[in-house]
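Computed from heavy atoms alone, side chains included, the values below leave out hydrogens, waters and symmetry copies. Owing to the predicted nature of the structure, the values given are computational and were not obtained by experimental measurement.
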Amino acid sequence: MIITGSLIQGFGMGVFLFPHSIPSGGGAGLAVLLNYLLHLPISIGLWLANISFLLFAVQYLGKFSAFGTILVITTTAVSVNFFDVYVDSPFANVWFDLLAGSLFLGTGIAVLIGQGVSNGGIGFVALAIAKYRRINPGTSLFWMNTIIFLATAYLIDWKIIIQALLCQWLSTRMVNWFHNPYVSRRKTGGHLAWRKK
């Protein structure tokens, strides 16, 4: 499931978002900055940015989450490069790509959080905040990424801020939808137990 979630989010980023330079998150925003300033490939910048965030938060969530997140970061970076090179979007419109990429990204993140790992280093920090502050992980992720998007837009181009924030809003809604308060995670053989309102 960890690899599946990583591939889903890598597909959304590599096929729909990164071809338009839309940062899909805080780590991606930093990767776009590294690409702009140093001409570093986005997949490598994505890996470096996420590993850096991971080092700051690893002590809060335990060894399994840290190992799982390293696996996520690496699988996502490799899949972003693969999908970017070998798969083209079926749409010819940035807004359709934004919608599709955000939905795939949010689904991938939700799968990963459901497995107790984050979608990257900044997601690891957001998961730690959600765990210790008892807030929704999608909300903390949204605000952390917004700060990075503002810095990226200021240095590169202000027009990407609307697309980046819309991407974050849509993808974090997907995370919140999968992790809404009406879903109870009981010990039922590892399966979700749904309960009504």
Side-chain angles (χ1 to χ4, degrees), residues 1-2 4-33 42-43 45-46 49-50 53 69 72-73 75-77 79-80 83-84 87-115 117-127 129-130 135-154 156-183 192:
M1 290 303 291
I2 290 172
T4 299
S6 303
L7 292 173
I8 292 171
Q9 75 167 0
F11 178 75
M13 291 188 286
V15 175
F16 300 107
L17 299 174
F18 287 166
H20 300 288
S21 298
I22 301 171
S24 58
L30 293 176
V32 169
L33 273 175
I42 288 184
S43 58
L46 185 66
N50 281 316
F53 279 118
T69 301
V72 169
I73 291 167
T75 304
T76 300
S79 65
V80 162
F83 290 127
D84 183 42
V87 180
D88 291 325
S89 169
F91 310 115
N93 184 288
V94 65
W95 299 106
F96 285 126
D97 282 347
L98 174 64
L99 176 62
S102 300
L103 295 179
F104 278 108
L105 176 67
T107 301
I109 293 170
V111 169
L112 295 169
I113 289 176
Q115 298 302 308
V117 298
S118 77
N119 66 310
I122 197 164
F124 210 129
V125 176
L127 197 56
I129 291 170
I135 61 173
N136 197 306
T139 302
S140 60
L141 187 62
F142 177 81
W143 286 110
M144 291 176 67
N145 287 334
T146 297
I147 293 167
I148 294 173
F149 293 155
L150 288 171
T152 305
Y154 176 76
I156 297 176
D157 191 341
W158 281 104
K159 69 182 179 182
I160 67 167
I161 192 70
I162 294 171
Q163 294 170 333
L165 288 175
L166 186 56
C167 174
Q168 277 303 288
W169 185 81
L170 289 168
S171 62
T172 54
R173 295 295 71 77
M174 290 294 292
V175 172
N176 288 344
W177 182 76
F178 278 108
H179 295 278
N180 70 64
Y182 304 112
V183 178
L192 284 177

So, the side chain of Gln9 versus the backbone of Gly106: is there a donor-acceptor pair under 3.5 Å, distance only? no
Looking at Asp84 and Pro19, what are the two nearest heavy atoms and their distance? OD1-CG, 4.1 Å
List the atom of Gly45, the atom of Ala31, and the distance in Å for their closest heavy-atom pair. C-CB, 3.6 Å
Flag the pair Leu30 / Phe53 as yes when at least one side-chain heavy-atom distance between them is below 4.5 Å, and no otherwise. yes
Nearest-0.5 Å distance, SG of residue Cys167 to NE2 of residue His20: 11.5 Å
Going from CG on Leu103 to CG on Leu170, what distance comes out if it is rounded to the nearest 0.5 angstrom? 6.5 Å
Atom pair CD1 (Ile147) and OG1 (Thr152), whose distance is rounded to the nearest 0.5 Å: 12.0 Å
Over all atoms of both residues, closest heavy-atom pair of Ala49 and Gly27: CB-O, 3.7 Å
Which atoms form the tightest heavy-atom contact between Ser102 and Ser171, and what is the distance? O-CB, 3.5 Å
Judged by atom type as modelled, is there a donor-acceptor pair below 3.5 Å linking the side chain of Ser79 to the main-chain atoms of Thr76? yes
Is the shortest heavy-atom distance from the side chain of Leu17 to the side chain of Leu98 under 4.5 Å? yes
So do the side chains of Met13 and Leu46 get within less than 4.5 Å of each other, counting heavy atoms only? yes
If I take atom CZ from residue Phe149 and atom OG from residue Ser24, how far apart are they, to the nearest 0.5 angstrom? 7.0 Å
Contact between Ile2 and Leu112 at the side-chain level, heavy atoms closer than 4.5 Å - yes or no? yes
Which pair of heavy atoms, one from Leu166 and one from Trp95, lies closest together, and at what distance? CD2-CZ3, 4.0 Å
Residue pair Phe178 / Ile109, side-chain heavy-atom distance below 4.5 Å: no
Could you tell me the separation between the OG1 atom of Thr107 and the CH2 atom of Trp177, rounded to the nearest 0.5 Å? 8.5 Å
Rounded to the nearest 0.5 Å, the CG atom of Leu165 sits from the CG atom of Leu150 at a distance of 6.5 Å
Side chain proximity check, Ile160 to Ile22, heavy atoms < 4.5 angstrom: no
Decide yes or no for Phe16 and Leu105: does some side-chain heavy atom of the first lie under 4.5 Å from some side-chain heavy atom of the second? no
